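Here's the structure, in structure tokens; my notes come after.
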Amino acid sequence: MKTLIVDDEFVSRIFLQGILEPYGTVHVATNGAEAIDAVCIALDASEPYDLICMDLLMPILGGEHALTGIRKCEQKKNIPPASGAKVILTTGLQPDNSFSSTRCNVLQQMKKRCDGHIVKPIKKKAFLSMLKDLKLIPRKNEVTACAS
Amino acid sequence: MDNQKTDTQSWKSTRILVVEDDSVNQLVIASMLKKFGCKVDLAPDGESALQAFRSTQYAMVFMDIGLPGMDGWKTFDHMHETKWHQNQKTVFIATTAHAFAEDRTLSLRAGMHDFVTKPISLNIIQEMLQKWIPSQTTTNQPNVQNTWDHNKQQKTQQPRARRSKAPTTNSGIFDKDQMMECVDSDITLARRMIKTFIKTIPDQLTNLKAAIERGEYGLAEDLAHRIKGASAYIGGEAMRRTAYRLEKSAQMQNRQNLLALALELEYDFTNLKQEWERNIV
């Protein structure tokens, strides 16, 4: 599994990197613009990402615009929408009383466009179980089945 | 929680210096501290406080910042410089008659650990002891005359052992359980995250203060949001709460208030690092 972590916060990146490295190559981008570049470069090299962990609020370019850019890159390479990279929205945003309606809308829209949504701080167990649900990593019994 | 019990022997022989010019306040604070088993010395002014501090090792100092003559700040500065203090981890609590946020901010910025407003109640005393000094209720070591000295000789092994038994959420600074849940008890990953945190947070705090100074409140909000996110991962409870408050207050655009919160965040960060030294790294 090849992964791209998109997050402007260092500790979050280290956390996801630590969890994902055992499963394959992991690249990082610190904002949406870098993410689009990384995806385009990977597509050009015919080594696309299987998974993108995308933060929402980031400087330069936020998650929602980054995702638009990424899907455009994939379109250009004639990759059907369902075969593109799986995207998990990773954000600390949780609607509360003081949550502005704009941010609320952005979050709702993004959730619909992503394959999964997980709230920070992410729990390793919950995250791995989501990867299994998305069939990005095998379940335990599947591994033993293959091994035997 | 076990250590919430008001055991009069909880802080037996813990030496505390009360620097206070008002004789009534002196008596009140001293008698309350004695209820928890503490050994209390009194100093009515900065000079005698310094004298006491140089000759005795104190676990905690209650410092009246409104002292006549050499005030609490100066006295604290001198204490901070003494050789004694470089080896001993004395906890400094500023006491003041008024609840000005400014006093609080100043005392924290000066490097004191905490701040209380007079009149000081038994509850406040207990809270400060519980928050800052490992209680002895969980140990059953006989004949330890001065646990603080003992700890020091053992390079604070004692409090570390005790603290790890106590619920880590008790201090409100570091929630180890929260972090361990995130990393699913992967201590190597936890250490890596803590190292990253310690390396990156100082710059972020600098940027945050600069943003507030420049009146860029939107940026301050985003920076606080980021610090909040990082704090949540590593179980930095106090930092997470303060960053959250700052994030939410940013829209009100009150510079003084935001700067005070940023300083509080710095203070939380210092505490967190100390807590890690004792607890994990």
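Values reported hereafter were calculated over all heavy atoms of this structure, with side chains retained and with hydrogens, waters and symmetry mates removed. Predicted model, so just to flag it, every value in this text is computed and none were measured.
Judged as a ring-ring contact (aromatic ring centres under 6.0 Å, His included), the pairs with a partner in residues 17-67 of chain A (not counting sequence neighbours) are, in order, A/His27-A/Tyr49.
Annotation: the span from A/Met58 atom CE to B/Asp222 atom CG amounts to 11.5 Å, rounded to 0.5 Å. Distance OG/B/Ser231 to CD/A/Glu9: 8.0 Å, rounded to 0.5 Å.
Taking both residues in full, the closest heavy atoms of A/Ile14 and B/Leu189 are given as O-CD1, 3.8 Å, listed atom of the first, atom of the second, then distance. Residues A/Gly92 and B/His225 share a closest heavy-atom pair of C-CE1, 4.3 Å.
Contact annotation for B/Ile234: only side-chain heavy atoms (C-beta onward) come within less than 4.5 Å of a heavy atom of chain A. For chain B, the nearby part of A/Leu57 is the side chain; its heavy atoms alone come within less than 4.5 Å. Heavy atoms of B/Asp184 lying under 4.5 Å from chain A belong to its backbone as well as its side chain. Neither the backbone nor the side chain of B/Lys199 comes within contact range of chain A; no heavy atom of the residue lies under 4.5 Å from a heavy atom of that chain.
A heavy-atom distance below 4.5 Å is not found between the side chains of A/Arg13 and B/Met193.
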Assess the residue pair B/Tyr233 and A/Ile122 against the criterion (side-chain contact (heavy atoms from CB on, under 4.5 Å)); give the C-alpha distance rounded to whole Å, side-chain angles, the decisive distance to 0.1 Å, and a yes or no.
CA-CA 8 Å; B/Tyr233 266 116; A/Ile122 297 168; 3.4 Å; yes
Let's go through B/Val183 and A/Lys124 carefully: what are the C-alpha distance in whole Å and the side-chain angles of both, what is the deciding distance for side-chain contact (heavy atoms from CB on, under 4.5 Å) to 0.1 Å, and is it a yes or a no?
CA-CA 6 Å; B/Val183 298; A/Lys124 182 179 177 181; 5.6 Å; no
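Inspection of non-hydrogen atoms places no residue of residues 38-46 of chain A under 4.5 Å from chain B.
For the pair B/Arg226 and A/Asp8, the salt-bridge criterion is met [side-chain N within less than 4.0 Å of a carboxylate O].
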